[in-house]
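First listed ligand is number 1; within each ligand, the first listed atom is number 1.
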Amino acid sequence: MAAEDGIRRLAAALREAQRVTVVTGAGVSAASGIPTFRGSGSDQLWSPSQNSSYRWPAASVAYSRGSAFGGRLRPEELATPEAFARDPNLVWEWYAWRRDLVARARPNRAHEVLAAWSRRFPRFTLVTQNVDGLHERAGTENVVRFHGSLWELACASRCAGSPPAWPHEEPFDELPPRCPSCGGLARPGVVWFGEMIPLEALARARAALDCDVCIAVGTSAVVYPAAALVAEAAERGAWTAEINPEATPASAAVDLALACPAEQALEDVEKLLSEGHPPRRSGLS
Ligand code: NAD
Ligand code: ZN
């Protein structure tokens with residue numbers, strides 16, 4: 001099926017929809033220059049000595065050199081409680097690099113169209129696995145953050161005196177940052193591989209699966225439980241679609257798989273939707 005037909009089918013489904021839920025992954029931020037972990041857009045693995053202005057003891061660098069990836073580290077080697085316990089400096093160096101990259105990035109057309117949709121439909125929920133905050137910066141309403149935020153910190157030992165997470169958007173004076181309450185290590189306020197999704201986010205996401213249209217955008221559909229959301233929406237009767245230039249485990253199960261970059265497909269669908277149907281409300285929240 002030509003992409004054009006797919007765009008028309010998605011626009012037609014959305015024209016009839018009152019309740020729309022979109023599940024996004026790293027692919028929506030690829031056009032903003034934020035590398036994905038897998039698939040197209042994942043060409044920018046990180047290595048401590050090359051990408052960072054921070055300098056860390058030889059042990060950290062030796063760890064990276066010892067990796068099977070020629071000194072380049074895979075996210076699975078960094079975004080875990082085990083990696084943080086082994087070498088918090090190295091993990092923080094990676095997060096500082098990602099924060100710096102995202103701080104200089106801008107929301108792209110995919111974020112902007114989804115922000116417009118959050119005002120177009122009577123009920124709209126955006127569930128994101130992304131931690132970059134670009135959906136919020138684009139003005140999207142009703143964002144459910146499944147995996148936390150790069151812009152929040154938490155106490156690594158969850159001490160009694162600290163809140164569950166606190167905002168920290170400024171660059172760090174020194175790494176690793178400390179918990180202001182107990183003076184111990186602070187950690188990024190994100191959900192690492194093997195950790196639980198925050199219960200409130202899970203409950204809000206699952207409630208949003210009772211919808212007319214559910215679309216997965218830019219996710220490899222391999223990280224659970226996020227990967228199961230679109231299938232569950234289908235079981236509950238939603239019409240489902242996927243937007244991803246590459247096939248994923250979800251592609252065969254959705255009603256429509258659009259093999260296009262998100263920023264292009266969403267822009268094209270938005271053009272069709274806007275013909276004679278301007279957004280219901282306007283202005284940022
Ligand atoms: P992923 O890296 O596993 O997969 C990214 C997917 O995006 C791939 O399937 C790829 O084909 C697709 N893609 C690449 N360019 C695209 C484009 N222009 N349009 C549409 N799709 C495109 O990412 P994931 O599925 O989100 O899951 C991995 C975990 O990675 C998540 O937990 C997330 O928190 C984390 N992550 C977040 C960011 C971010 O916040 N920007 C970046 C990298 C990884
Ligand atoms: Zn503490």
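The side chain to side chain contact (heavy atoms under 4.5 Å, CB included) test applied to Pro249 returns Ala221, Val222, not counting sequence neighbours. Legend: residues meeting salt bridge (charged side-chain N to carboxylate O under 4.0 Å, His left out) with Glu82, ordered by chain and number and at least two apart, are absent.
Aromatic ring orientation, Phe84 versus Trp192: tilted (interplanar angle from 30° to 60°). Aromatic ring pairs are classed by plane angle as parallel below 30°, tilted from 30° to 60° and perpendicular above 60°; the pair Phe124 and Phe121 is parallel. Using a 30° and 60° split on the angle between ring planes, Trp92 and Tyr95 fall in the perpendicular class, above 60°.
Defined by atom type and a distance below 3.5 Å, a donor-acceptor pair is missing between the side-chain atoms of His147 and Thr128. For the residue pair Ser118 / Asn142, no side-chain donor-acceptor distance below 3.5 Å is found, with atom types taken as modelled. Defined by atom type and a distance below 3.5 Å, a donor-acceptor pair is present between the side-chain atoms of Arg120 and Ser274.
At least one donor-acceptor pair under 3.5 Å links the side chain of Arg187 to the backbone N or O of Val190.
Contact annotation: for Ser29 versus ligand 1, heavy atoms closer than 4.0 Å belong to the side chain alone. Residue contacts with ligand 1 for Val223 involve side-chain atoms from C-beta outward but no N, CA, C or O (heavy atoms, distance under 4.0 Å). With a heavy-atom cut-off of 4.0 Å, His147 touches ligand 1 through its side chain alone. With a 4.0 Å heavy-atom cut-off, ligand 1 is reached by no atom of Ala110. With a 4.0 Å cut-off on non-hydrogen atoms, Asn130 touches ligand 1 through its backbone as well as its side chain. With a heavy-atom cut-off of 4.0 Å, Pro261 touches ligand 1 through backbone and side chain alike.
No N or O atom of Cys260 sits closer than 3.5 Å to an N or O atom of ligand 1. For a threshold of 3.5 Å applied to N or O pairs, the pair formed by Thr219 and ligand 1 contains at least one separation below that value. An N or O contact shorter than 3.5 Å is missing between Arg98 and ligand 1 by distance. Of the polar atoms of Val222, none of the N or O atoms is found under 3.5 Å from an N or O of ligand 1, judged by distance alone.
The Pro35 neighbourhood of ligand 1 comprises atoms 42 (C), 43 (C), with distances under 4.0 Å to a heavy atom of that residue. Those atoms of ligand 1 that come under 4.0 Å of a heavy atom in Ala26, given as number and element, are 2 (O), 23 (O), 24 (P), 26 (O), 38 (C), 42 (C), 43 (C), 44 (C). Using a 4.0 Å cut-off to heavy atoms of Ile34, the atoms of ligand 1 that qualify are 41 (N). Listed by atom number, the atoms of ligand 1 under 4.0 Å from Gly25 heavy atoms are 26 (O). Near Ala30, the atoms of ligand 1 lying under 4.0 angstrom from a non-hydrogen atom of the residue are 15 (N).
Between Glu93 and Arg99 there is no salt bridge, since no side-chain N of the basic residue sits under 4.0 Å from a carboxylate O of the acidic one. At a threshold of 4.0 Å, the pair Arg145-Glu200 does not count as salt-bridged, since none of the basic side-chain nitrogens sits closer than that to a carboxylate oxygen.
Of the angles at the Zn ion (ligand 2), the one spanning SG of Cys159 and SG of Cys155 is 110° when given to 10°.
Remark: of the listed residues Gln264, Glu263, Glu267, Glu270, Glu267 is the sole one forming a side-chain hydrogen bond (donor to acceptor under 3.5 Å, both in side chains) with Arg109.
With distances taken over non-hydrogen atoms, the option nearest atom 27 (O) of ligand 1 out of His135, Gln129, Glu246 is Gln129. Atom 1 (P) of ligand 1 has its nearest heavy-atom neighbour, among Ala227, Ala262, Ser220, Ala31, in Ser220.
Heavy atoms of Pro245 come nearer than 4.0 angstrom to ligand 1 in at least one pair.
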